Amino acid sequence: MTNDFISRMDLWPWVCSLYIEESYRGKSLGEQLLLKLKEDTKNAGFDNLYLCTDYVEYYEKYDFSYIGDDYHPWGSSSRIYRANLIG
């Protein structure tokens, strides 16, 4: 299985989770991790990188675009974002 969205098996690869311990926040570590993930994903030959989240306005700062909502097998929904790595 490529992801947790039964109806969106066509989307991959995914950022599984991003969490910065509270004492380390404010040091741009999230930004550094996202930039490295995007670089590594592009170098692996992928054109897009996906993530799901309930956050609004954070990932947009790093060129992720909201593409819609989808549902997990356990019934909850999340926002899906895509970073286009071409260009």
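Just so it is clear, the model here is predicted, and its values are computed rather than measured.
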message = Using side chain to side chain contact (heavy atoms under 4.5 Å, CB included), reason through Leu85 and Asp47 one step at a time and then give a plain yes or no.
response = CA-CA 5 Å; Leu85 306 175; Asp47 295 337; 5.6 Å; no
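- Applying the side chain to side chain donor-acceptor pair (under 3.5 Å) rule to Glu60 yields the partners Tyr81; only residues at least two apart in sequence or on another chain are considered.
- In this structure, the side chain to side chain donor-acceptor pair (under 3.5 Å) partners of Lys36, at least two apart in sequence or on a different chain, are Asp40.
- Side chains of Leu51 and Ile80 form no contact here, defined as non-hydrogen atoms less than 4.5 Å apart.
- Taking CZ of Arg82 as the start and CD1 of Ile67 as the end, the distance is 5.0 Å to the nearest 0.5 Å.
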Let me check something: any side-chain donor-acceptor pairs from residues 17-29 under 3.5 Å, sequence neighbours excluded? List them with distances.
residue	atom	partner	partner atom	Å
Arg25	NE	Ile20	O	2.7
Arg25	NH2	Ile20	O	3.0

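- Taken from NZ in Lys61 to CG in Leu34, the straight-line distance is 10.5 Å, to the nearest 0.5 Å.
- In this structure Tyr58 satisfies the ring pair (Phe, Tyr, Trp, His ring centres under 6.0 Å) test together with Tyr62, sequence neighbours excluded.
- In this structure, Phe64 and Leu49 have side chains that are in contact, with non-hydrogen atoms separated by less than 4.5 Å.
- Residue pairs meeting the ring-ring contact (aromatic ring centres under 6.0 Å, His included) criterion with at least one member in residues 36-57, sequence neighbours excluded: Trp12-Phe46, Trp14-Tyr50.
- At least one side-chain heavy atom of Glu39 sits less than 4.5 Å from a side-chain heavy atom of Asn43.
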key: Asp54 vs Ser78, side chain to side chain contact (heavy atoms under 4.5 Å, CB included): CA-CA, chis, key distance, verdict   = CA-CA 6 Å; Asp54 295 327; Ser78 290; 3.9 Å; yes
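- Evaluation of the side-chain contact (heavy atoms from CB on, under 4.5 Å) rule for Asn84 yields Asn48, Ile86 as partners, not counting sequence neighbours.
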